[in-house]
Amino acid sequence: MTTGLVMVITGNGKGKTTSALGMVLRSWGWGQRISVLQFIKNPSSETGERKALNKLEIEIITMGSGFTWIPENAAGDELQSRELWKIAREKLSGGNLDLLVLDEITYTIEKGWIPLDEVLSQLKCRPPSMHVIITGRRAAQSLMEFADSVIEVNQLKHHLARGIKAQPGVEF
Ligand code: ATP
Ligand code: MG
């Protein structure tokens, strides 16, 4: 019997989403049932992970404007985050997944778009064998307390400081 884990990957360094995707790849290798829900990110921007997961026939749903710091987009982001959270809730209570990834959900919690209490209660009543990976900076304290595993990715150096812009395959 599998023990479902809640894993939080947070911190300012690079490697949160890609770490989650690494586990997705492993899980896929075992023939497990996976869903990746990407909050905040804009579905119209192409990413290597979406291309790859589509090829592997792994479900990935992306909903957001990807520009939350632009005030005009915040209302749209909030709506889309709530819509995606509805899907997440169904998956958490549905019980037919081995792994659910909630990528960048921490921001939607931080902004109060998705109530933290609701996230915690949904996680608590999920099927006991379901793994859930939560990524994003500034994860809420109570979420980290609840999680089985919390990883903080710490940035020592980033190539952006040398003026090197985002590279396909590296950042997206
Ligand atoms: P990755 O998706 O590469 O694992 P991540 O999920 O840890 O990264 P996010 O905060 O989601 O990090 O950022 C997505 C991308 O933005 C990363 O690939 C990263 O290289 C880039 N990034 C992270 N920190 C910075 C920064 N300080 N300045 C500019 N770009 C950054
Ligand atoms: Mg990320």
Side-chain angles (χ1 to χ4, degrees), residues 5-29 32 34-56 58-71 73-74 76-85 87-88 91-92 97 99-114 116 119 122-123 131-141 143-144 146-172:
L5 300 170
V6 173
M7 290 170 274
V8 172
I9 309 172
T10 191
N12 291 331
K14 168 173 162 44
K16 298 176 290 293
T17 298
T18 46
S19 170
L21 291 169
M23 284 185 265
V24 164
L25 191 66
R26 280 189 171 157
S27 171
W28 178 84
Q32 295 177 359
I34 307 158
S35 179
V36 178
L37 305 184
Q38 289 191 306
F39 292 81
I40 306 297
K41 284 178 186 163
N42 191 328
S44 65
S45 10
E46 287 194 306
T47 64
E49 61 262 38
R50 285 231 308 284
K51 289 172 185 289
L53 267 51
N54 287 335
K55 281 186 188 165
L56 297 174
I58 298 170
E59 178 175 77
I60 176 162
I61 306 174
T62 307
M63 271 192 207
S65 75
F67 294 99
T68 42
W69 54 91
I70 300 175
N73 285 346
D77 257 330
E78 178 169 359
L79 276 176
Q80 294 186 59
S81 298
R82 287 182 195 274
E83 280 307 302
L84 194 52
W85 174 239
I87 298 174
K91 298 198 181 284
L92 285 164
L97 283 179
L99 173 61
L100 175 65
V101 176
L102 303 174
D103 189 38
E104 322 293 356
I105 196 176
T106 57
Y107 306 105
T108 70
I109 297 170
E110 187 180 42
K111 289 191 179 289
W113 298 339
I114 299 177
L116 177 59
V119 174
Q122 286 289 333
L123 288 171
H131 298 307
V132 181
I133 306 175
I134 289 170
T135 80
R137 297 169 193 217
R138 301 182 299 278
Q141 194 59 38
L143 185 59
M144 295 196 285
F146 176 74
D148 298 291
S149 185
V150 180
I151 302 104
E152 186 175 45
V153 187
N154 182 25
Q155 179 173 305
L156 299 181
K157 194 175 188 180
H158 194 283
H159 44 269
L160 182 86
R162 294 189 167 164
I164 303 164
K165 64 177 172 64
Q167 309 282 311
V170 177
E171 344 268 352
F172 61 89

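For clarity, every value in this text was computed on a predicted model and none was experimentally measured. Order of listing sets the numbers, starting from 1, for every ligand and every atom in it.
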Checking the N or O distance criterion of under 3.5 Å, is ligand 1 in contact with [X]?
X    : value
H158 : yes
L160 : no
T18  : yes

Tell me which part of T17 gets within contact of ligand 1: side chain, backbone, both or neither, using heavy atoms under 4.0 Å.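 Both backbone and side chain of T17 come within 4.0 Å of ligand 1.
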
With heavy-atom distances below 4.0 Å as the criterion, list the atoms of ligand 1 near [X].
X    : value
E104 : 11 (O)
G13  : 7 (O)
R137 : 10 (O), 23 (C), 24 (N), 25 (C)
G15  : 1 (P), 4 (O), 5 (P), 7 (O), 8 (O)

Closer than 3.5 angstrom, by distance alone: can the side chain of [X] be matched with the main-chain N or O of [Y] as a donor-acceptor pair?
X    : Y    : result
E104 : L102 : no
W28  : I58  : no
E59  : S35  : no
K14  : Q155 : no
D77  : S65  : yes
T10  : R138 : yes

Just to verify, which of T17, D103, T47 counts as forming a side-chain hydrogen bond (donor to acceptor under 3.5 Å, both in side chains) with Q38?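 The single option meeting the side-chain hydrogen bond (donor to acceptor under 3.5 Å, both in side chains) with Q38 is D103.
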
Could you check atom 27 (N) of ligand 1 against the protein and tell me its nearest heavy-atom contact, residue, atom and distance included?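 Looking only at protein heavy atoms, the one closest to atom 27 (N) of ligand 1 is Q155 OE1, 4.1 Å.
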
In the protein, what heavy atom is nearest to atom 17 (C) of ligand 1, and what distance, to one decimal place, separates them?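 Closest protein heavy atom to atom 17 (C) of ligand 1: E171 OE1, 3.9 Å.
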
Hey, is atom 4 (O) of ligand 1 touched by any protein heavy atom at less than 4.0 Å?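 Within 4.0 Å: yes, protein heavy atom nearby.
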
Heavy atoms of the protein only: does one fall short of 4.0 Å from atom 14 (C) of ligand 1?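 Within 4.0 Å of atom 14 (C) of ligand 1, no protein heavy atoms are found.
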
Check for me whether E49 has a heavy atom closer than 4.0 Å to any atom of ligand 1.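 Outside the 4.0 Å threshold, so no.
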
Any Lys/Arg nitrogen of K51 or E46 sitting under 4.0 Å from an Asp/Glu carboxylate oxygen of the other?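 Here K51 pairs with E46 in a salt bridge, since their nearest N and O are under 4.0 Å apart.
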
How far does CZ of R137 sit from OG1 of T106, to the nearest 0.5 angstrom?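 Reported value, rounded in 0.5 Å steps: 9.5 Å.
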
Between the Mg ion (ligand 2) and E104, which N, O or S atom of the residue is the nearest one?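 Nearest N/O/S atom: OE2.
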
